[in-house]
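From a predicted model like this one, the values you see are computed outputs, not experimental measurements. Below, chain A is the first sequence line, B the second, and so on; all start at residue 1.
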Number of protein chains: 2
Amino acid sequence: MTTAAPVPSSRDLPHPTRGEIRLEGVLHALSDPVRLRIVRELAAEGVALSCSHFDLPVTKSTTTHHFRVLRESGVIRQIYEGTAKMNALRRDDLDGLFPGMLDSLLTAAARQAGRHGEP
Amino acid sequence: MTTAAPVPSSRDLPHPTRGEIRLEGVLHALSDPVRLRIVRELAAEGVALSCSHFDLPVTKSTTTHHFRVLRESGVIRQIYEGTAKMNALRRDDLDGLFPGMLDSLLTAAARQAGRHGEP
DNA sequence: TTCATTGTACGAGAGACGTCGTAGTTTGAC
DNA sequence: GTCAAACTACGACGTCTCTCGTACAATGAA
């Protein structure tokens, strides 16, 4: 194998195109506490993260479900990388469609998290 | 009776306090097309509107349901005024809790509406 | 090949949701 | 007192959602 080529593994997953992303779907995806937490962490890290990186209060089956909801609503992009599945925020698409919305939602989530419990 | 006093009629409805409003609940409330439409219209008019002012593609029972979801999530405030029930956006509370979020959501909704169908 | 890691598929259960229709209550006007 | 208008309550329905457990598939390493 060569060195740096990010060879994408075989199987790939269905994603909505930018034009297919619906505001209602995005809001629904973010209205679940587990998913909102995932998105907050993705935004905070700024890079793609594997599913197993997250320490969520649900089983693996349920985790898979939540990541699928996020993907199908257009919030994240998922690609296989070896045995891991990497998840990245679709920032470009969301910012292109709804300028400023994602950031104000993330800010709102951070404020709420700050008010209650964890900083 | 006197002339201009906005005498509030007897029965009143349960509303969450500002501190009880949860982001997830607000996002869930706005993730339904009918409710998003109601909120957009309330924001556009800027004043309280009666339920019957809206021409929605659902029955009156369902309309009542949607207004209740909006009220219980903290998005709107409802007060009876005679036989009508007036609905107003809780702008102050939402802006206080989540600065800028409501406006960016409304802008996002307007952009999406502009892209598809009606201007 | 064997094995551990990572994640999926499938089915199931409990509950919430969006929708409706019918019957009822409250209010204000006549 | 009567009546129409505005809205609610309640029950029902089909669907979707969140959750889980078990069994399975793909990958990379030993």
To the nearest Å, give me how far apart [atom1] ([X]) and [atom2] ([N]) are.
{"X": "Leu13(B)", "N": "dA6(D)", "atom1": "CG", "atom2": "P", "result": "18 Å"}
{"X": "Ile79(A)", "N": "dT6(C)", "atom1": "CD1", "atom2": "P", "result": "18 Å"}
{"X": "Glu81(B)", "N": "dC7(D)", "atom1": "CD", "atom2": "C1'", "result": "15 Å"}
{"X": "Glu72(B)", "N": "dG18(C)", "atom1": "CD", "atom2": "P", "result": "12 Å"}
{"X": "Phe54(A)", "N": "dT6(C)", "atom1": "CZ", "atom2": "P", "result": "14 Å"}
{"X": "Met86(B)", "N": "dC7(D)", "atom1": "CE", "atom2": "C1'", "result": "13 Å"}
{"X": "Tyr80(B)", "N": "dA5(D)", "atom1": "OH", "atom2": "C1'", "result": "14 Å"}
{"X": "Gln78(A)", "N": "dT6(C)", "atom1": "CD", "atom2": "P", "result": "16 Å"}

Original post:
Near DNA chain C, which residues from residues 59-68 of chain B have a heavy atom under 4.0 Å away?
Top reply: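 Only Thr59(B), Ser61(B), Thr62(B), His65(B), His66(B) qualify.
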Residues that [X] engages under side chain to side chain donor-acceptor pair (under 3.5 Å), provided they are two or more places apart:
{"X": "Thr59(A)", "result": "Thr62(A)"}
{"X": "Arg37(B)", "result": "none"}
{"X": "Ser61(A)", "result": "none"}

Subject >> Residues which pass salt bridge (Lys or Arg N to Asp or Glu O under 4.0 Å) with Glu24(B), listed by chain and number, not counting sequence neighbours >> reply: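 In terms of salt bridge (Lys or Arg N to Asp or Glu O under 4.0 Å), with neighbours along the sequence ignored, Glu24(B) is linked to Arg22(B).
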**OP:** Using salt bridge (Lys or Arg N to Asp or Glu O under 4.0 Å) as the criterion, list what pairs up with Arg77(A), not counting sequence neighbours.
**Re:** Asp93(A)
**OP:** Side chain of Thr83(A) only, please: which of dC7(D), dC20(D), dT27(D) is the nearest?
**Re:**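 Selected nucleotide (nearest to the side chain): dT27(D).
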Original post:
Contacts to DNA chain D from residues 21-36 of chain B, heavy-atom cutoff under 4.0 Å, which residues?
Top reply: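 Heavy-atom contacts with DNA chain D come from no residue of residues 21-36 of chain B; none.
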**OP:** Could you name each residue pair satisfying side-chain hydrogen bond (donor to acceptor under 3.5 Å, both in side chains) that touches residues 101-110 of chain B, not counting sequence neighbours?
**Re:**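 Checked against side-chain hydrogen bond (donor to acceptor under 3.5 Å, both in side chains) - neighbours excluded - the pairs reaching residues 101-110 of chain B are Ser104(A)-Ser104(B), Arg91(B)-Asp103(B).
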Original post:
Do the side-chain N or O atoms of Ser52(A) get closer than 4.0 angstrom to the phosphate oxygens (OP1, OP2) of dG7(C)?
Top reply: yes
**OP:** Using the ring-ring contact (aromatic ring centres under 6.0 Å, His included) rule, collect all pairs that involve residues 39-60 of chain B, keeping only residues at least two apart or in two chains.
**Re:**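 Qualifying pairs: Phe54(B)-Phe67(B).
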**OP:** Please collect all ring-ring contact (aromatic ring centres under 6.0 Å, His included) contacts where either partner lies in residues 28-47 of chain A, sequence neighbours excluded, each pair once.
**Re:**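 The answer is none; no pair qualifies.
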**OP:** Taking side-chain contact (heavy atoms from CB on, under 4.5 Å) as the test, write out the residues that go with Asp32(A), two or more places apart.
**Re:**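 So Asp32(A) forms a side-chain contact (heavy atoms from CB on, under 4.5 Å) with Val34(A), Arg35(A), His66(A).
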Pairs: protein N or O with nucleotides 13-15 of chain D N or O, under 3.5 Å:
none

**OP:** Measure across Val47(B) and Leu42(B) and return the closest heavy-atom pair with its distance rounded to 0.1 Å.
**Re:** O-CD2, 4.1 Å
Original post:
Taking side chain as C-beta onward, heavy atoms only, is Cys51(B) less than 4.5 Å from Asn87(B)?
Top reply: yes
